[in-house]
2 protein chains.
Amino acid sequence: MQSITSNQNNRVKTWRKLQSKKGRLTSGQYLIEGWHIVNEAIKHGGRIKALIVTDADFLEQLQFDSTTVETYLITPEVAKHISATETPQGIFAILNTADYHESIPEKLGGSWLMLDNIQDPGNIGTMVRTADAAGMNGVVFGKGTVDIYNPKVVRSMQGSQFHIRLFSGDLSRWLAAFKKHNIPTYGTELNKRAIAYDNATPTKQFALIMGNEGNGVAADLLDKTDQNLYIPMNGEAESLNVAVAAGILIFHFI
Amino acid sequence: MQSITSNQNNRVKTWRKLQSKKGRLTSGQYLIEGWHIVNEAIKHGGRIKALIVTDADFLEQLQFDSTTVETYLITPEVAKHISATETPQGIFAILNTADYHESIPEKLGGSWLMLDNIQDPGNIGTMVRTADAAGMNGVVFGKGTVDIYNPKVVRSMQGSQFHIRLFSGDLSRWLAAFKKHNIPTYGTELNKRAIAYDNATPTKQFALIMGNEGNGVAADLLDKTDQNLYIPMNGEAESLNVAVAAGILIFHFI
């Protein structure tokens with residue numbers, strides 16, 4: 001196991017670059033951190049390239065043959081330098097991002113969540129986790145939505161990327177594919193065309209689009225869905241948090 | 001309007017102390033920031049003590065007679081010093097926290113959310129916003145739950161504290177009060193005693209307890225509810241985010 005004590009080390013510099021989308025695209029890798037997520041990666045055969053720990057004993061505590069990958073012992077200072085959190089747990093893994101799926105599967109079925117231009121990484125991660133918990137088949141990250149492997153998205157997904165397939169792509173093309181497979185598509189909006197979600201009959205197959213926190217789903221996408229939905233609100237809050245709204249809609253359909 | 005340019009100014013020091021619970025309890029005041037929340041405070045007659053801006057013109061843009069309160073012009077540096085965000089909008093207000101309700105109303109009715117030992121301020125704020133959107137009657141902050149006026153709670157409530165009554169108190173006493181008023185009470189847990197939430201018949205009146213992110217609702221509270229509920233999950237995620245779960249349950253009942 002290689003020991004690294006300086007933030008100036010070249011490998012540390014490379015790891016830190018994984019905090020940026022550019023760094024992830026260039027290397028084809030991303031960083032995960034914390035016991036829960038690293039254990040999930042191991043359990044689900046995540047493509048682990050390297051393990052990085054602040055304590056050599058940590059490797060013993062993993063259900064994983066760490067001789068098969070590169071391992072690094074780092075100082076708490078280096079851990080803080082490469083971490084996206086204030087108080088790192090001292091365990092990290094480098095994974096390949098090969099599970100970016102860019103192309104639409106030829107056979108489509110089941111239930112799907114599409115994210116149009118969602119800005120908050122915590123909201124995105126929470127929605128992926130909700131889709132996972134509901135047993136949905138996949139999540140599609142559309143244009144403008146924060147990158148799948150953004151460290152804050154990864155943190156709030158809590159390992160759901162190992163359970164559910166994540167795609168990125170053009171939501172118009174995905175809508176056309178769902179239509180071809182007779183999967184009903186739903187947008188979310190608040191206007192005359194939309195119906196209250198509890199008036200929509202739950203179906204086994206469906207594809208739901210959630211939209212930008214401030215502006216909702218793009219108009220050109222709403223025009224292409226089979227039906228648009230809203231959540232009736234009796235109170236004074238102007239809107240629901242987008243991840244809460246997604247949870248209400250998904251669990252209505254599932 | 002008094003102009004303040006230094007972080008060492010005594011008033012600035014007092015404002016910054018409002019970031020801590022101790023500072024809020026000592027002064028009986030809290031700080032709100034950003035256009036949306038300040039406008040909500042004005043619209044709903046929030047008890048504004050002072051307005052603090054980085055640009056004197058900002059006061060003109062408010063639907064508020066700012067001559068009735070203290071006003072301060074500060075520099076962007078001071079704004080950053082007193083703000084809980086990285087990129088402050090340059091508008092703040094100091095409010096009295098008099099709307100801490102400690103005692104249980106004599107007449108209780110409608111729908112209520114109780115928060116037991118919830119740790120994440122974002123989750124708390126999102127749940128208050130959801131309760132507000134759903135038109136619930138109040139939210140009770142139980143033991144261990146982050147303070148109502150924590151800046152991160154305030155930020156994610158997005159002004160809902162001006163629409164819905166927020167209480168803090170002992171949830172056992174609240175449960176007894178709901179029972180006295182024949183309001184059905186529900187806990188959330190995952191065990192043999194609990195039933196799937198969609199098997200619980202929606203009722204106009206109800207009180208729901210959401211629990212700690214890791215440990216759920218305290219056992220002694222679960223023992224005192226009329227019925228405990230769980231959300232059936234088909235997927236692999238171990239749990240839902242607590243605010244998403246609250247949204248699903250609340251909108252099932254409402």
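Predicted model only: the values in this text are computed from it and were never measured. Below, chains carry the letters A, B, ... as their sequence lines are ordered, and counting in each starts from 1.
- When each of B/G122, B/S160, B/A134 is checked for heavy-atom pairs under 4.5 Å with chain A, B/A134 comes out on top.
- Heavy atoms of A/T126 lying under 4.5 Å from chain B belong exclusively to its side chain.
- With hydrogens and angles disregarded, no donor-acceptor distance shorter than 3.5 Å links the side chain of A/R129 to the backbone of B/E238.
- No other option in A/L249, A/N234, A/I164, A/D132 has as many heavy-atom pairs under 4.5 Å with chain B as A/D132.
- Ranked by non-hydrogen atom pairs under 4.5 Å with chain B, the options A/H163, A/Q158, A/M233 are led by A/H163.
- Contact annotation for A/I250: neither backbone nor side-chain heavy atoms come within less than 4.5 Å of a heavy atom of chain B.
- Contact count against chain A (heavy-atom pairs under 4.5 Å) is highest for B/A237 among B/S239, B/G135, B/A237, B/A131.
- Contact annotation for A/H44: only side-chain heavy atoms (C-beta onward) come within less than 4.5 Å of a heavy atom of chain B.
- The side chain to side chain contact (heavy atoms under 4.5 Å, CB included) test with A/F251 is passed by exactly one of B/L240, B/V244, B/D198: B/L240.
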